Every structure is written in C-alpha cells, then in structure tokens.
Amino acid sequence: MSEFRVGSGFDVHRLESGRPMRLGGFEIACDRGPVGHSDGDVLLHAVADALLGAAGLDDLGTLFPDTDPRGAGAASARLLGDVLAKVKAAGWEIANVDAVVVAEVPRLAPHRERIRASLARILGATPDRVNVKGKTAERLGALGAGDAIAVLATALLRKD
Ligand code: MG
C-alpha cells in the first residue's frame, strides 16, 4: 500500500521597481521584481519548502542559507532541482503540488498556464499534477500595495 505525506511551504519577497520579475522559473514582464539573495523566485522557494516539509527534510533556508555567497543570484530552478533530488533520494515521488500566488502585481491570469507548465517541467511532473492559482490581497497591507509577493504551496508525496 502506498504511503502519503503532505507538506506546506510559504515564502514572501519584497518587490522593488526595475528588478526582473521571476516567477515559476522564468521572467515575466512586470515593472517590479523581487529582492532576494537568489533570483527571488518566490513560487519555486515555497514549492521547495512544501516538498522538503512533506519528506521530513531540512527546510530551504537551512539547506541553502542566505549567508552562503555561493547562493547569491542563484537560479531558483536549480535550487528546486537539488531539493527534488533529495526528496527522490529519500524514496518519494510527487503525487501533486498546488500553490497560491498572492500579489497585486503581476496579475497571474495571463501567465498562469505558462507558469504551471514551467513548474511541472522543473518538477519532472505532468501538468495535471501541478496547479498554480493567483489571488490579490484586496489592496490590504504590503501585498495589497504591490510592495511584496507571497506564495503558499502544498505538496503531496507518495511512496509505493
Ligand atoms: Mg525566498
């Protein structure tokens, strides 16, 4: 009988005008982008923590500390790839991943399918196992002012 484990991940990054907006493994057109030690891809960071949480492994910040100069400007797709390798080495397969992107800008809808496909590709999963939704913060707080972007992610792992 298969064994299942669920994990959750959360990440938030401050946004500054003129920086590239990376979300789900590629750059999308936006007048602002995340401030971060790596490339600031908040979606990939939250998904990585959800996978690590489900597998019972150390969190992203412990595995890739932001005090490590080797991580500066790192491609988050590579970080997520490293995380996936650890999860698979522990015997787990992805059952599904779901994420909510909370941001006033960028609007997710025009990019949603491409982000979903990109995330699925990075995870080596079929797109039906990967979902991404967008929500605004109803103009409340820093998220609602467009000064930040946050992602809540859930991952379900399966071991046969
Ligand atoms: Mg982050």
Side-chain angles (χ1 to χ4, degrees), residues 5-88 90 92 94 96-108 111-112 114-125 130-137 140-157:
R5 296 280 173 84
V6 69
S8 58
F10 173 77
D11 196 24
V12 60
H13 279 251
R14 198 157 48 81
L15 296 176
E16 276 182 4
S17 67
R19 297 180 71 98
M21 170 62 74
R22 290 194 67 88
L23 196 61
F26 61 94
E27 189 174 329
I28 62 178
C30 192
D31 66 344
R32 65 202 78 180
V35 179
H37 181 62
S38 66
D39 63 13
D41 195 317
V42 65
L43 175 58
L44 300 192
H45 296 173
V47 167
D49 258 342
L51 292 170
L52 291 166
L57 298 170
D58 279 337
D59 67 15
L60 193 64
T62 306
L63 291 172
F64 304 102
D66 62 10
T67 50
D68 185 347
R70 286 174 303 175
S76 297
R78 188 175 58 74
L79 299 186
L80 182 54
D82 288 354
V83 163
L84 188 64
K86 288 179 191 297
V87 167
K88 291 200 160 181
W92 296 103
I94 292 173
N96 77 299
V97 167
D98 189 25
V100 185
V101 179
V102 185
E104 215 67 27
V105 285
R107 293 284 169 165
L108 207 75
H111 309 288
R112 184 172 168 272
R114 194 168 157 223
I115 290 172
R116 184 181 182 184
S118 172
L119 183 57
R121 190 164 53 246
I122 294 165
L123 293 173
V130 178
N131 207 354
V132 179
K133 291 106 61 193
K135 293 286 285 184
T136 71
L140 293 167
L143 286 166
D147 293 333
I149 182 169
V151 172
L152 179 67
T154 304
L156 184 69
L157 298 178

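Numbering of ligands and ligand atoms starts at 1, following listing order. Keep in mind it's a predicted model, so treat the numbers as computed, not measured. All values below were derived from every heavy atom in this structure, side-chain atoms included, with hydrogens, water molecules and symmetry-related copies excluded.
- Residues D98 and T154 have side chains that never bring a donor and an acceptor to within less than 3.5 angstrom of each other.
- In summary, D41 places no N/O/S atom under 2.8 Å from the Mg ion (ligand 1), failing the contact criterion.
- One finds no salt bridge joining K86 and D82 here, because no Lys/Arg side-chain nitrogen approaches an Asp/Glu carboxylate oxygen to under 4.0 Å.
- When each of R22, M21, H111, R107 is checked for a side-chain contact (heavy atoms from CB on, under 4.5 Å) with C30, only M21 meets the rule.
- When the Mg ion (ligand 1) is compared with the N/O/S atoms of H45, atom ND1 turns out nearest.
- The distance from the CD atom of E104 to the OG1 atom of T136 is 4.5 Å, given to the nearest 0.5 Å.
- Rounding to 10 degrees gives 90° for the angle at the Mg ion (ligand 1) between OD2 of D11 and NE2 of H13.
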